[in-house]
*Asks:* 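Got a structure for you, questions after.
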Amino acid sequence: MNKTFRQGQILKLIASRHILTQEDLARELKNAFGIQTTQVTLSRDVRELGLLKTPEGYRQVSPSTGGPDLATVVSEMLRDARVAQNLIVLRTSPGNANALAVALDKEELREVVGTLAGDDTVLVVAPDARTAAALREKLLSYVQGE
């Protein structure tokens with residue numbers, strides 16, 4: 001079984017069922033298609049497929065719409081932002097970190113070297129401490145509606 005096949009089955013599952021967690025997704029892949037996979041692989045698949053976690057479960061963002069812009073995602077999901085040298089730790093409500101990381105990645109900001117998302121935390125790597133501090137302020141300005 002290859003990655004393309006597995007990702008196709010993931011898209012079938014999220015289109016037909018409410019899949020709320022990666023654990024649910026792994027279980028459904030195994031039960032429906034006999035596909036066993038790791039959480040790391042599922043995380044990669046979710047990111048590559050452009051899936052967003054919604055209250056109704058995972059959904060694929062249409063390539064034509066591109067999903068909500070960064071300002072909208074940040075204003076709705078960001079709860080806290082802290083800088084540690086060239087790193088920014090962004091906190092969201094549970095289940096929203098991936099959507100925020102995807103929005104940041106899609107912007108292709110020069111201030112962002114990369115992101116890593118968990119359930120309610122996004123780690124943003126900036127090129128240096130000054131850039132990290134400026135990016136934090138930029139993100140917080142979206143929350144404050146500036």
Side-chain angles (χ1 to χ4, degrees), residues 1-128 131-132 134-143:
M1 185 255 336
N2 64 31
K3 177 171 87 169
T4 303
F5 177 79
R6 182 183 62 249
Q7 289 183 349
Q9 302 317 303
I10 289 170
L11 293 175
K12 283 182 188 177
L13 284 172
I14 67 165
S16 65
R17 301 178 189 160
H18 293 283
I19 308 287
L20 299 174
T21 66
Q22 288 183 8
E23 182 178 322
D24 293 343
L25 183 55
R27 185 176 41 258
E28 291 294 333
L29 280 170
K30 184 177 181 185
N31 292 342
F33 307 108
I35 298 172
Q36 285 193 265
T37 188
T38 65
Q39 187 273 329
V40 171
T41 299
L42 283 178
S43 290
R44 191 176 305 120
D45 288 340
V46 165
R47 184 179 182 105
E48 288 176 7
L49 291 169
L51 303 182
L52 293 180
K53 196 175 207 180
T54 70
E56 295 79 36
Y58 284 103
R59 296 289 173 249
Q60 187 174 32
V61 176
S62 169
S64 59
T65 63
D69 65 358
L70 180 61
T72 301
V73 173
V74 169
S75 68
E76 292 177 4
M77 297 182 182
L78 186 65
R79 300 289 176 255
D80 188 30
R82 295 183 182 192
V83 173
Q85 296 186 19
N86 70 313
L87 305 174
I88 309 165
V89 177
L90 304 176
R91 299 299 304 259
T92 70
S93 55
N96 288 314
N98 191 57
L100 181 54
V102 167
L104 279 164
D105 290 341
K106 284 186 177 184
E107 286 291 313
E108 297 182 1
L109 301 170
R110 67 166 185 75
E111 298 100 323
V112 177
V113 174
T115 62
L116 180 65
D119 182 55
D120 63 355
T121 306
V122 178
L123 177 65
V124 181
V125 180
D128 55 59
T131 304
L135 179 58
R136 176 186 179 270
E137 292 306 314
K138 179 179 181 176
L139 295 174
L140 290 176
S141 75
Y142 295 142
V143 174

*Asks:* Taking the side chain as every heavy atom from C-beta outward, state whether L90 and D80 have any pair of such atoms under 4.5 Å apart.
*Replies:* no

*Asks:* Rounded at 0.5 Å granularity, tell me how far NZ in K53 sits from CG in L20.
*Replies:* 7.5 Å

*Asks:* Indicate yes or no: at least one non-hydrogen side-chain atom of D45 is less than 4.5 angstrom from one of K3.
*Replies:* yes

*Asks:* What pairs of donor and acceptor atoms, side-chain ones from residues 109-119 against any protein atom, are under 3.5 angstrom apart with sequence neighbours left out?
*Replies:*
residue : atom : partner : partner atom : Å
T115    : OG1  : R47     : NH2          : 3.3
T115    : OG1  : D105    : OD1          : 2.9
T115    : OG1  : D105    : OD2          : 3.0
D119    : OD1  : G95     : N            : 3.1

*Asks:* Mind checking what makes side-chain contact (heavy atoms from CB on, under 4.5 Å) contact with A15, not counting sequence neighbours?
*Replies:* none

*Asks:* Would you say the side chain of R79 lies within less than 4.5 Å of the side chain of N96, judging by non-hydrogen atoms?
*Replies:* no

*Asks:* Under a 4.5 Å cut-off applied to non-hydrogen side-chain atoms, are I10 and L13 in contact?
*Replies:* no

*Asks:* Do R91 and T121 have side-chain atoms, one donor and one acceptor, less than 3.5 Å apart?
*Replies:* yes

*Asks:* If you apply the rule side chain to side chain contact (heavy atoms under 4.5 Å, CB included), what do you find for L78 with L140, and how did you get there?
*Replies:* CA-CA 8 Å; L78 186 65; L140 290 176; 4.1 Å; yes

*Asks:* Side-chain contact, heavy-atom cut-off 4.5 Å: V46 with Y58?
*Replies:* yes

*Asks:* State whether a side-chain donor-acceptor pair under 3.5 Å links Q39 with S43.
*Replies:* yes

*Asks:* Let me see the working for I14 and L49 under side chain to side chain contact (heavy atoms under 4.5 Å, CB included), right down to the final yes or no.
*Replies:* CA-CA 11 Å; I14 67 165; L49 291 169; over 6 Å; no

*Asks:* Using the salt bridge (charged side-chain N to carboxylate O under 4.0 Å, His left out) criterion, which residues pair with R59? Sequence neighbours excluded.
*Replies:* none

